[in-house]
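Keep in mind that this is a model prediction, so the values were computed, not measured.
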Amino acid sequence: MEKHHIDLLIGEEVLDARIRELGEEISRDYAGKTVCLICILKGSVYFTCELAKRITVPVVMDFMQCSSYGAATKSSGVVKLSKDLDMAITDRDVILIEDIIDSGRTLSHLKDLLSQRRPASLKICTLLDKPERRVTEVEVDYTGFQIEDKFVVGYGLDYDQLYRNLPYIGVVEFD
């Protein structure tokens, strides 16, 4: 691992406030319904759990695991699905929860895959969005923060599996 340090980008209080706002927005949009949150492992676990606590309508959760990074800091472009859903999503209102949208390849692939399972609705929620890195167009329904093209860690995001547990978003700066 290269020598590096981490600079604060988004503090814990700012993250908490924005996640609360997203929870309120989702609760309004799904009033009278049950929403199915699909957490993309591993990075989205922290965000999904914090968001779910702030949604006031009934919530069910399931998990998928896929990656396009490996141990690198840039997307490889190849999406690998290693864990599929345990529950059926047919006729359910589904929100796909992602920690960060970079190239858009992973989310585009997952959205196509899940659409074939005929959910009542399918929306995307991301904590972070890097639109300038987009290779594949993806419509994002709920966005926590738009950020510049920097390699970030914390709040579930990692650098070679490290730093997921940071309570803030930081930028990895290589020395």
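- A salt bridge links Asp129 and Arg134; the closest N-O separation between the charged side-chain nitrogens and carboxylate oxygens is under 4.0 Å.
- At least one side-chain heavy atom of Asp29 sits under 4.5 Å from a side-chain heavy atom of Tyr142.
- Nearest heavy atom pair, residue Arg92 against residue Val60, reads NH1-CG2, 3.5 Å.
- Ser44 pairs in a side-chain contact (heavy atoms from CB on, under 4.5 Å) with only one of the listed residues (Cys49, Cys39, Cys125), which is Cys39.
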Practice task
Mind running ring-ring contact (aromatic ring centres under 6.0 Å, His included) on Tyr163 and His4 for me, showing each step along the way?
Solution key: CA-CA 12 Å; Tyr163 307 120; His4 62 277; 5.6 Å; yes
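- Transitive grouping of hydrophobic side chains (ILVMFWY, heavy atoms separated by less than 4.5 Å) keeps Met87 and Val59 in distinct clusters.
- Taking a 6.0 Å sphere around CD of Glu132, one finds it holds more than 12 heavy atoms contributed by other residues, nucleotides or ligands.
- Atom NZ of Lys42 is separated from atom NZ of Lys83 by 13.5 Å, given to the nearest 0.5 angstrom.
- Connection of Ile40 to Val135 is not established within any shared hydrophobic cluster, with ILVMFWY side chains joined at heavy-atom distances below 4.5 Å, either directly or through further cluster members.
- In this structure, Asp141 has no salt bridge (Lys or Arg N to Asp or Glu O under 4.0 Å) partners at least two apart in sequence or on a different chain.
- Of the possible donor and acceptor atoms, none in the side chain of Lys130 sits under 3.5 Å from a partner among the backbone N and O of Ile100.
- No side-chain heavy atom of Lys33 sits less than 4.5 Å from a side-chain heavy atom of Val57.
- When each of Ile10, Ile19, Asp99 is checked for a side-chain contact (heavy atoms from CB on, under 4.5 Å) with Tyr155, only Ile19 meets the rule.
- Taking both residues in full, the closest heavy atoms of Lys111 and Leu96 are given as N-CD2, 4.4 Å, listed atom of the first, atom of the second, then distance.
- Side-chain atoms of Ser27 come within 3.5 Å of backbone atoms of Thr56 as a donor-acceptor pair (strictly under, hydrogens ignored).
- Within the 3.5 Å criterion, the main-chain N or O of Leu127 finds no donor-acceptor partner in the side chain of Arg18.
- With Tyr46 as the partner, the side-chain contact (heavy atoms from CB on, under 4.5 Å) test is satisfied by one option alone out of Leu157, Asn165, Leu51, Leu166: Asn165.
- Between the side chain of Asp158 and the backbone N or O of Arg164, no donor-acceptor pair lies under 3.5 Å.
- Of the candidates Ile124, Ile95, Ile89, Ile97, Ile89 is the only one forming a side-chain contact (heavy atoms from CB on, under 4.5 Å) with Ile38.
- Looking at Leu107 and Thr126, their side chains never come closer than 4.5 Å, going by heavy atoms from C-beta outward.
- From Asp93, atom CG reaches atom NZ of Lys123 across 8.5 Å, with rounding to the nearest 0.5 Å.
- Few gaps surround CZ on Arg117; more than 12 heavy atoms of other groups in view lie less than 6.0 Å from it.
- The minimum heavy-atom distance linking Thr106 with Cys66 is given by the pair CG2-SG, 3.4 Å.
- Under the 4.5 Å side-chain contact rule for hydrophobic residues, Ile26 and Met61 share a cluster.
- Closest approach of Pro119 and Val94 over heavy atoms only: CB-CG2, 3.9 Å.
- Contact annotation: the side chain of Phe145 never approaches that of Val152 to less than 4.5 Å [non-hydrogen atoms, C-beta and beyond].
- Ser115 and Leu122 make their closest contact through OG-CD2, 3.6 Å (heavy atoms, listed as atom of the first residue, atom of the second, distance).
- Between Glu24 and Arg20, none of the side-chain N atoms (NZ, or NE/NH1/NH2) sits under 4.0 Å from a carboxylate O, so this pair counts as no salt bridge.
- For Glu173, the CD atom is densely surrounded, since the number of other residues' heavy atoms within 6.0 Å is greater than 12.
- Taking 4.5 Å as the limit, some side-chain heavy atom of Leu114 sits within range of a side-chain heavy atom of Met64.
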